[in-house]
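Let me begin by presenting the structure, written as structure tokens, before commenting on it.
Quick caveat: nothing in here was measured; it's all calculated off a predicted structure. Atoms considered below: every heavy atom in the structure, side chains included; atoms not considered: hydrogens, waters and symmetry mates. A note on names: the letters A, B, ... follow the listed sequences, proteins ahead of strands, and every chain is numbered from 1.
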Amino acid sequence: MRASYRPLPQSFFERAAETVARELLGHYLVSDCRGSRCVGRIVETEAYPGPHDPASHAAASIGHTARNDPMFGPPGTAYIHLNFGVHWCLNVVVRQEGYPAAVLIRALEPVEGLDTIRRRRQGRSDRELTSGPAKLTQALAIPPSLQRHRLTEPPLFVAAGEPVPARALARSTRVGVTKGNERRWRFYDRRSAWVSRRS
DNA sequence: GAAACGATTATCT
DNA sequence: GATAATCGTTTCA
């Protein structure tokens, strides 16, 4: 709990997806959606670095389509996609406008607004509140209408936290992707109990 | 615990 | 018509 959260500058996101994914760990995701502040510490991310990545929604084989258009937007904006027809997931667009790269936020450690989060995730244990990409969008009430929203300003933004020390930083292959999973483009804080899956 | 499986729909072929 | 960057329940052990 703290009095105020300071948004990260857009320049933080103007770098390669692997770099941003790694450095996002330890920062905060702050949501004022639906009228109450909920905050989580980012403990797990995945990089989708560009068209050369066959698992990306903007893979070269797919090209630039209506669905992945937000990935081509300015760094620091939101790309929110629906998965399996039921789950909404939040990405941060990175690198540079016109180039499709993003970082998927996969898990948070609840920090603030626990009562609200527990209500939104009714019946779940604390560990199940935000330990997955679609769980956290539900916990923070992130609506698909925030597509392309700048994540440097309310009602949803990334705020400065404490970097994760190198010895606590773990990386692995990405979860659930069916193509191009030989690269280790998933990053997580091994100290956290909210990581979605251990390697 | 771990593993199997069904839900449910936008998007692209 | 197939596919998908998941979740929650069920069914075992």
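Between A/Phe72 and A/His64, the ring planes lie parallel to each other; the angle is under 30°, not in the 30° to 60° tilted range.
Side chains of A/Ser131 and A/Ser196: no donor on one and acceptor on the other come within 3.5 Å. For the residue pair A/Arg184 and A/Thr173, no side-chain donor N or O sits within less than 3.5 Å of a side-chain acceptor on the partner. Remark: the A/Glu109 side chain and the A/Tyr28 side chain contain no N/O donor-acceptor pair separated by less than 3.5 Å.
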Give me the distances for all protein-to-nucleotides 9-13 of chain B N/O pairs that come in under 3.5 Å?
unit_1	atom_1	unit_2	atom_2	d
B/dC12	OP1	A/Thr65	OG1	2.2

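Among the protein residues, A/Ala134 comes within range of the sugar-phosphate backbone only, with heavy atoms under 4.0 Å from sugar or phosphate atoms but none that close to a base. Using a 4.0 Å heavy-atom criterion, one finds that A/Ser56 contacts no nucleic acid atom at all.
Between the A/Asp53 side chain and the A/Tyr48 main chain, no donor and acceptor come within less than 3.5 Å of each other.
If you find the closest nucleotide of DNA chain C to A/Arg124 and to A/His87, the one lying nearer the 5' end belongs to A/His87. Taking for each of A/Leu136 and A/Thr178 the nucleotide of DNA chain C with the nearest heavy atom, the 5'-most of the two is the partner of A/Thr178.
C/dA5 makes up no base pair with any nucleotide shown, lacking Watson-Crick or G-U wobble contacts both under 3.5 Å. The partner of B/dT8 is absent, by the rule that a Watson-Crick or G-U pair needs both atom distances under 3.5 Å.
The line from CG of A/Leu104 to CZ of A/Arg174 is 10.0 Å long, rounded to the nearest 0.5 Å. Interatomic distance, CZ of A/Arg186 versus CZ of A/Arg171, reported as 12.0 Å (0.5 Å rounding).
In this structure, the salt bridge (Lys or Arg N to Asp or Glu O under 4.0 Å) partners of A/Glu153, at least two apart in sequence or on a different chain, are A/Arg150.
On the nucleic acid side, DNA chain C has its first and last nucleotide under 4.0 Å of a heavy atom of chain A at C/dA4 to C/dT9, going 5' to 3'.
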